[in-house]
Amino acid sequence: MQEKIKLSTFLAQLREALLNKFPGIYYVIGEIGDLKINQNGHCYIELVEKDDSRIIARCRANVWASSVNTIFPEFEKNTGEELKEGMKILCHVQVQFHEVYGLSLNIVQIDPGFTLGERARKKKEVLEKLKQERILEMNKSLPFPLVPTKIAVISSEKAAGYQDFKVQLDSNSYGYKIETELFKAVLQGNNASHSIIEALKEIFYALDEKQFDVVAILRGGGSQLDLDCFDSYELSRAVARFPRPVITGIGHDRDQTITDIVAHTELKTPTAVADHILQLYMGFEEEMYRLTSRTGKVISRLLSVREMELNNSVLKFKHLSERVAQSNYNGLEHFKSKLQGLLSKHLAKSQSQLDLLSERIKSADPAYILNRGYTLTSYNGILLRNVADVSKGEEIVSTGKDFVINSTITSIKNRKK
Amino acid sequence: MNKSPKLTYEEAMEELNTILKELETGEPKVEEMGNMAKRASELLKYCREKLRGIEEEVENNLSENE
């Protein structure tokens, strides 16, 4: 028969057995189901393990105030995250068993490396999922407007970030008028993801009416430790699929969130977003100015080329017409002298013909013959041509230049030629 | 500028680029060039005013006074 034993004794035995079996420090992975810090600074955590959403293990844990002051800040510094419900952690625990309070684990250290690894793993999972759905590049592939004219802003109104953004745009020194409309949302805490998605929906339904061409998600200041929501699958999916380019300026020093990755443009802070937008306006204006200026220069150059061409043509024409006139004149002169030449030749020819004729006439003149000493013989008043017409003893007359001789023929002889 | 529907920034820049291309590769007549210069100037002015919401202001003032 078993010995009867008091509860306190039984529990004390249990405790001893437990502590004998589990004396040291153990590395346990669990999820924070609940976390409270009481006024003494002690932290009470409910550690759970879930299979999907079903709790399959649960245990109370605590962190003594003194440890809280070292572990918690160290953890936050290394992970950039705050310890909160839902977070999976690797803790170094000591077993505690109290007869009244039962079993609990004393957490002496929480490993930031594990949480970082967990976060990286979850991010990788989300990215894979988005990649498989082929939406990773969807928002990035949307055309970004040359000049964003109407910007839908998702931000917390009170946050300094949005206020600075608005002031920067409203009072820019170039006089640009940039329209923005705020869609309020909560950007940290557990409800952030859902809140931002609701804002995106609101903007989506207002697209037809308001014609927003860009969405900006701005988070300024605030805790650096509360950016988990931007790694969530639901939020990053909503941003990836949004039909307008999304710019993020969620102000974090940590590594890129998934929302940043899927957004069209990622910038560091709301101020950087405002700068970027102003740059677009400025760049556009400068480009327009440059093009107009160049147009003016090209036209100017073309006109002076035309003018030069025109002047050249005028000059050419002038030279050409002068040459034509000159050659016409030369031709005429040439013709003239040719003509003169011909005429002279002709005249000379005629003259010599005339001279010849004149000579002939002159030489045919009897006076010319008589002048040369010849005499004309005639008988009975007729020129003696045929010697048979006269005979010896007849009277013949010889006429000379200035005399006449009467003769009587004494003898006639024929002359052989 | 009375153009309806109103030119977008993209359209204005595209038009300006077209003018420039025509000047540099086409053979515009002298009369055309004058028009091109005028249009380029108009486009620049339109965009500058639009960036500063000036047209809107003018329109708002007009409708207020009606």
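Sequence lines set the chain letters: A, B, ... in the order given, protein chains first and strands last, and positions in each chain run from 1. Worth saying up front: this structure is predicted, and the values here are computed from it rather than measured.
Taking 4.5 Å as the limit, some side-chain heavy atom of A/Y289 sits within range of a side-chain heavy atom of B/R48. Put simply, the side chain of B/V30 reaches to within 4.5 Å of the side chain of A/L303, judged on heavy atoms.
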What do the steps show when you test A/K177 against B/E49 for salt bridge (charged side-chain N to carboxylate O under 4.0 Å, His left out), and what is the final call? CA-CA 10 Å; A/K177 187 149 176 299; B/E49 287 178 356; over 6 Å; no
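If you measure heavy-atom distances from A/V147 to chain B, the contacts under 4.5 Å come from both the backbone and the side chain. Heavy-atom distances place the side chain of B/I19, and not its backbone, under 4.5 Å from chain A.
The nearest pair of heavy atoms linking A/T295 to B/A40 is CG2-CB, 4.1 Å. Nearest approach of B/L23 to A/L302, heavy atoms of both residues: O-CD1, 3.7 Å. Minimum interatomic distance between A/R306 and B/E27 (heavy atoms only, all atoms of both residues): NH2-C, 4.5 Å.
In this structure, CG on B/L44 lies 12.5 Å from CZ on A/R290, to the nearest 0.5 angstrom. In this structure, the separation between OH on B/Y9 and CG on A/D213 is 10.0 Å, given to the nearest 0.5 Å. To the nearest 0.5 angstrom, A/T292 atom OG1 is 7.5 Å from B/L43 atom CG. In this structure, CE in A/M288 is found 5.0 Å from CG in B/L16, a value given to the nearest 0.5 Å. Atom CZ of residue A/R294 and atom CG of residue B/N17 lie 8.0 Å apart, to the nearest 0.5 angstrom.
Here B/M13 is the residue among B/E24, B/M36, B/M13 with the most heavy-atom pairs under 4.5 Å with chain A.
By the neighbour-count criterion of 12 heavy atoms within 6.0 Å, atom CD of B/E14 is sparsely surrounded, having that number or fewer from other residues, nucleotides or ligands. Counted within 6.0 Å of CG on A/N311, heavy atoms from surrounding residues, nucleotides or ligands total more than 12; the atom is thus considered enclosed. Within a 6.0 Å sphere centred on NZ of A/K268, heavy atoms belonging to other residues, nucleotides or ligands number more than 12. Within a 6.0 Å radius of NZ in A/K184, no more than 12 heavy atoms belonging to other residues, nucleotides or ligands are found. Within 6.0 Å of CZ on A/F204 lie no more than 12 heavy atoms contributed by other residues, nucleotides or ligands.
Side-chain atoms of B/R52 come within 3.5 Å of backbone N or O of A/Y174 as a donor-acceptor pair. B/E10 places a side-chain N or O within donor-acceptor distance of the main-chain N or O of A/L146, the cut-off being under 3.5 Å.
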